[in-house]
Amino acid sequence: MTPEQFIAKWQISTLKERSAAQEHFIDLCRLLNEPTPAEFDSTGECYCFERGAKKTTGGDGWADVWKRGYFGWEYKGKRKNLNDAFIQLHRYAPALENPPLLIVSDMEQIIIHTAFNGTVPDRHTLTLNDLRNPNKLRLLKWAFSDPERLRPKLTTAALTEQAARQFGELAQTLCERGHDSQQVAHFCQQILFCFFAEDIGLLTNQLFSQLLKTGQQRLNDLPQLLTGLFNTMATGGSFGMEKIDWFNGGLFDAAKPLPLTRTDVTLLRELARLNWSAIEPSIFGTLFERGLDPNQREQLGAHYTDSASIMRLVNPVVLDPLREEWRLQQETIKELVDNVAAQNIKAEKVIAAVNKTILTTESAKKVVKARADVSKAEAKLKQQIEKRCRNFLNRLAEFRVLDPACGSGNFLLLALRGLKDLEHEVILNAERLGLPASFPKVGPENVLGIELNVYAAELARVTVWIGEIQWMLNHGFSLSKNPILKTIHIIDQRDAIMNTDGTEATWPKVDVIVGNPPFLGDKRMLGILGEAYVKQLRSCYRGRISGGADLVTYWFERARAEIELGKANAVGLVSTNSIRGGANRNVLKRICETTRIFNAWSDEPWINSGAAVRVSLICFGNTKLTPILNGEEVTAIYADLTAGDDTKVDLTTAKSLIENIDVAFIGTQKSGSFDIAGELARQWLKEPNSNGRLNSDVLRPWANGMDITRRPSDTWIIDFGTEMKKQDACFYEQPFLHLETHVKTKRTDSHETIAAKWWLHTRSRPDMRQALNKLPRYICTPRVSKYRLFVWFSIAVLPDSATAVIARADDTTFGILHSQFHELWSLRMGTSLGATPRYTPTTTFETFPFPIGLTPANTGGATETLKSGAIIPIVAAEYQDHAKAIAEAAFQLNQLRENWLNPPEWIERQPEIVAGYSERIIPKPEYTARLKQRTLTNLYNERPKWLTNTHQQLNCAVAAAYGWNDDAIQLSEAEILQRLLVLNLAR
DNA sequence: GATCCGACAATAC
DNA sequence: GTATTGTCGGATC
């Protein structure tokens, strides 16, 4: 068929919808050279006419034509309202598996609506005459063959970002002009809603844009015009020539528009051109909030919490259990239907049997009875189905979700959408089962929020309402009006954890709780929330949350209490990943005691407000679901957010071991510029002091984590030890003078005790010094580092607080610490700073079960140097061989690493200028650049074969000491940890 | 007196 | 720009 033939035929056609539609469509297929449904798919599984039609009547399908993954297509008779057809398609789109294109036609026109997720919908209208135009015809061809090509370029995210950025600018200028930020916020919400209302047709005839146009010409009249419009929206009525719906909702009450400049209005008119109907309210809220906060403004372009992250909580807590309930209902319904169908077949057999015989009164009665039974059974079935559907719909309508820290309402919005989607699915299902269509009842009243920030609370209300309206329109429902925005109290503006009188806040009874409470480390709480508040808060939760815990834990504890009180069933909250350790973990321990964690993501990146923070997502509550950790089913989830299985014990139960006490320390914390460059130190070393003492008494090489992981920085430190008096210290003239100029004043600003002894490090670590005193060298590891590295330092070197120190000089201890066993243990038992693992002496070292006979308690005595140079501790005879084997492997590892770090050919070794210090390593000039690359982090990043092998040998030696000779190398991580835990608990 | 933390903060590469 | 490591003082035991 040619376009001309097609046009000629359909221009004059007067056929009514149903009879014409299929013919029209088949003609189109011929025109486009596309297969018809019958040619393409004889089963009708993925391309057919009358999708979802009831078998009995053959009509009332979800769509006149449907092609899976391509389009839903609805016909209307000529010059009937095509919008009705579009609404119908929208309504049934979920049942049609949400096709990317929704196409409507009255045979004169074909309108293609795009419906790709996350894009701003597009619309292509084709008239009959357009079919002559190859470009237009191509659009239609794509609809049949390659709908992706019709995907709009503009995503809702991009649109929203643009809108939020420009809108934020306006808000900012208003604030800068001295208006109260609350007023600015309220005003912006009103304007935002007007944009939205105009673009979805609630404000007719571009009323708001027209108003802005007028206002630009008559700037002085603008406030009055806006007041008039807002007031009319508050009550409903007429504004100029237009009839205005009753909007209500508090948004337009007491309208007091702010004065605008001509530039503002120009900006607003530009904004009005955007397609606000497709705005994504969840993104808008976040971005706009940032636009208002000067501290966050530079992050405007940054990412926002994506809905996928939020759904990781909303799905398991809100939606999955409901979906499961509905699935069970459907199963029961299917059983009922099958039963009745079986009865019917039986009855039909009876009737058929009777019909074969000669009709008698008796047999006629039989038939009548059989028929009556059938219809009775069917009526009963219908009743039962209806009851089950109605009950479930009521359950949905009554379902309540609380976000006790709702911010701009993102969680509530997504929960609402999810509930509405599910309700819609149930309604469509019910219709298919022959029940009458019902109107959705789930709405903003299903979601409740608590939010302290007045502005965010207001934003949340608008967010939820825009979400509601968008959903209704996108699913072919009209809005319930009078008023459009119900005055439902969904967002409670108050403190969610404590009342103003210092008592614990209460939360409304709901089904589930979700949210992202604020994160604030215990130290920062004081500064940001104020001392009085923090004090009150801590005393309010005394005995339940310790002072060392993050602010976020108060929400966890409050939510746990709600479950205990029977006021909620399940909870899903976000926290920083540090909830897994330290004082924070206790709140999860309590949760594990009174209820259970059933779904968690232990350590996920979370990009929000531009802050690089890693989070844990935690769901807990009363459910029988199989626990899922990081997306995989497990037997149990422990308080540190690790998995348990049947064989494994909870690692959080590991205890500190006496044999490990007083061996590991954190280095000194200087608090001030006690550090100096090596060159300056050497200069001072040569200079005499008036009392005859040498500066070498108080100058030492210094090491922080970077001196271990990268090239040594040749930094020295002024160290007057733990208790030297000022009158003694001042004899070391230059060092003392240096501190007077660089440290004294800064310290004076600090806390009294810190200010008083300003020439000493704030934490000079006397215990550590005592433990190191007797040793020629010690083991050191960076507290925060990508790899768990241990190195040797001469006793002359002073370790900084960025490192942890193990006061042992033997290679055996070094080897055990550097084995995979301790590495694994420290990764699991330690915490992290962001994504980087952190070594904590108490939880990683003190709990670590060394091999029997080789514990720190056994290795603290005399040592012996082997032929190779390795130093071994003198331990009981039966362990001596293991000590030796480990020491040799460790010695080799260290030596190979040293050779790689400082190849003898590339460097020269020089004695330090005064005695008592280690040799200096001076790069030969031609190798300086290459030596810079020789760092331990780089080495472990590259991980050459020799390194892996050497570590493997070390692992074997240590495994042997544990008595795990058999298959130590094949041991899984979980198996190793379990064995270590058993050892820990046994001691 | 020692430890642990940071909706981080600062550098080195 | 990004990857990696560092600061320091309050709360707690």
Side-chain angles (χ1 to χ4, degrees), chain A residues 295-296 299 302 305 405 407 516-528 531 534-535 538 545-552 574-579 581-586 605-615 656 661-662 664-675 703-711 713 715 722 746-747 749-755 761-768 770-771 782-787 789 800-805 830-846 929 932-933 935-938 940-941:
Chain A
N295 301 324
Q296 300 187 351
Q299 297 154 1
T305 308
N516 175 4
F519 309 162
L520 203 57
D522 60 316
K523 320 294 181 297
R524 287 161 188 265
M525 274 163 73
L526 273 179
I528 294 191
E531 205 181 326
V534 172
K535 231 175 163 179
R538 288 189 176 144
I545 296 178
S546 76
D550 193 298
L551 184 62
V552 77
V574 190
S575 152
T576 57
N577 61 358
S578 52
I579 197 158
N584 293 330
R585 186 192 288 166
N586 293 330
W606 184 267
I607 306 156
N608 192 14
S609 316
V613 57
R614 296 184 70 85
V615 299
S656 254
I661 296 292
D662 294 334
F665 305 90
I666 289 177
T668 69
Q669 182 170 311
K670 52 191 172 52
S671 303
S673 306
F674 288 75
D675 50 323
N704 63 16
M706 266 206 287
D707 288 293
I708 299 171
T709 57
R710 298 184 188 152
R711 299 298 299 179
S713 59
T715 306
T722 59
K746 219 178 138 229
R747 281 281 192 91
D749 301 336
S750 324
H751 194 263
E752 222 173 297
T753 50
I754 292 168
H761 299 179
T762 53
R763 287 157 196 191
S764 54
R765 311 292 185 204
D767 287 8
M768 175 191 80
Q770 209 188 346
R783 276 210 293 151
V784 177
S785 64
K786 188 174 172 185
Y787 302 110
L789 302 166
D800 179 67
S801 71
T803 66
V805 163
T831 58
S832 66
L833 181 53
T836 316
R838 167 138 60 181
Y839 193 79
T840 50
T842 51
T843 58
T844 60
F845 183 89
E846 288 181 6
K932 269 193 177 166
Q933 301 305 313
T935 69
L936 278 182
T937 299
N938 282 346
Y940 280 80
N941 276 341

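Here is the naming used below: chain letters follow the sequence lines, and residue numbers restart at 1 for every chain. None of the values given here were measured: they were computed from a predicted structure.
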**Prompt:** How long is the span from the NZ atom in A:Lys786 to the OG1 atom in A:Thr937, to the nearest 0.5 Å?
**Reply:** 7.5 Å
**Fill in**
Taken to the nearest 0.5 Å, the spacing of A:Tyr839 OH from A:Ile666 CD1 works out to 11.0 Å
Heavy atoms under 4.0 Å, any strand shown: does [X] hit a base, just sugar-phosphate, or nothing?
X	value
A:Ala549	nothing
A:Pro837	nothing
A:Lys670	sugar-phosphate

**Message:** Quick check on DNA chain B: between A:Arg710 and A:Ser764, whose nearest nucleotide comes earlier from the 5' end?
**Reply:** A:Ser764
**Request:** For A:Asp767 and for A:Asn577, locate the closest nucleotide of DNA chain B by heavy-atom distance; then report the residue assigned to the nucleotide nearer the 5' terminus.
**Result:** A:Asp767
**Request:** Mind checking side-chain contact (heavy atoms from CB on, under 4.5 Å) for A:Ser575 and listing every partner two or more places apart, or none if nothing turns up?
**Result:** A:Val552, A:Phe556, A:Ile579
**Sequence-distant partners of A:Pro837, side-chain contact (heavy atoms from CB on, under 4.5 Å), two or more places apart** = A:Leu827
**Message:** Going by ring-ring contact (aromatic ring centres under 6.0 Å, His included), name the residues that satisfy it together with A:Phe519, two or more places apart in sequence or in a different chain.
**Reply:** none
**Request:** Using the test ring-ring contact (aromatic ring centres under 6.0 Å, His included), find all partners of A:Phe845 that sit at least two apart in sequence or belong to another chain.
**Result:** A:Phe850
**Message:** Would you say A:Asp675 and A:Thr715 are linked by a side-chain donor-acceptor pair, where the criterion is simply a distance under 3.5 Å?
**Reply:** no
**Asked** Do we see a donor-acceptor contact under 3.5 Å between the side chains of A:Ser671 and A:Thr762?
**Response** yes
Which nucleotide wins on minimum distance to the side chain of [X], given the candidates [options]?
X	options	result
A:Arg765	C:dG6, B:dA2, B:dG6	B:dA2
A:Phe519	B:dA7, C:dC8, B:dT3	B:dA7
A:Pro766	B:dG6, B:dA2, B:dC5	B:dA2
A:Thr840	B:dC5, B:dT3, C:dT5	B:dC5
A:Asn704	C:dT7, B:dT3, C:dC8	C:dT7

Could you tell me whether the phosphate oxygens of [N], OP1 or OP2, come under 4.0 Å of any side-chain nitrogen or oxygen in [X]?
X	N	result
A:Thr937	C:dT5	yes
A:Ser785	C:dT4	no
A:Lys786	C:dT5	no
A:Ser578	B:dC5	no
A:Asn941	C:dA3	no
A:Thr831	B:dC5	yes

**Request:** Compare every heavy atom of A:Asn584 with every heavy atom of A:Asp550, then report the nearest pair and how far apart it is.
**Result:** N-OD1, 2.7 Å
Round to a whole Å and report the spacing from [atom1] of [X] to [atom2] of [N].
X	N	atom1	atom2	answer
A:Arg783	B:dA2	CZ	P	14 Å
A:Asp800	C:dG6	CG	P	8 Å
A:Met768	B:dA2	CE	C1'	12 Å
A:Ile661	B:dA2	CD1	P	14 Å
A:Leu789	C:dT5	CG	C1'	12 Å
A:Tyr839	C:dT5	OH	C1'	18 Å
A:Leu833	B:dA7	CG	C1'	13 Å
A:Gln933	B:dC13	CD	C1'	8 Å

Check nucleotides 11-13 of chain C for protein N or O atoms closer than 3.5 Å to its own N or O atoms and list the pairs.
from, atom 1, to, atom 2, distance (Å)
C:dT12, OP1, A:Gly547, N, 2.7

**Asked** Can you give the dot-bracket line for DNA chain B, using ( ) for pairs inside the strand, [ ] for pairs that cross earlier ones, | for pairs with another strand and . for unpaired bases, where Watson-Crick and G-U count if both distances are under 3.5 Å?
**Response** ||||||.||||||
Expressed as a whole number of Å, how far does the [atom1] atom of [N] sit from that of [M]?
N	M	atom1	result
B:dT3	B:dA7	C1'	23 Å
B:dC13	C:dT7	P	15 Å
C:dC8	B:dA12	P	15 Å

**Request:** Can you check whether any acceptor in the base of B:dG6 is under 3.5 Å from a donor in the side chain of A:Arg838, or vice versa?
**Result:** yes
**Prompt:** Can you find an N or O donor on one side and an acceptor on the other, under 3.5 Å apart, linking the side chain of A:Asp550 with the base of B:dA7?
**Reply:** no
**5'-most by nearest nucleotide on DNA chain C - A:Gly705 or A:Ser671** = A:Gly705
**Message:** I'd like to know if the side chain of A:Asn938 and the backbone of A:Gln933 have a donor-acceptor N/O pair within less than 3.5 Å.
**Reply:** yes
**Prompt:** So, A:Arg765 side chain and A:Gly667 main chain: donor-acceptor pair closer than 3.5 Å or not?
**Reply:** yes
**Request:** Name the orientation class of the two ring planes belonging to A:His761 and A:Phe674 (parallel below 30°, tilted from 30 to 60°, perpendicular beyond 60°).
**Result:** perpendicular
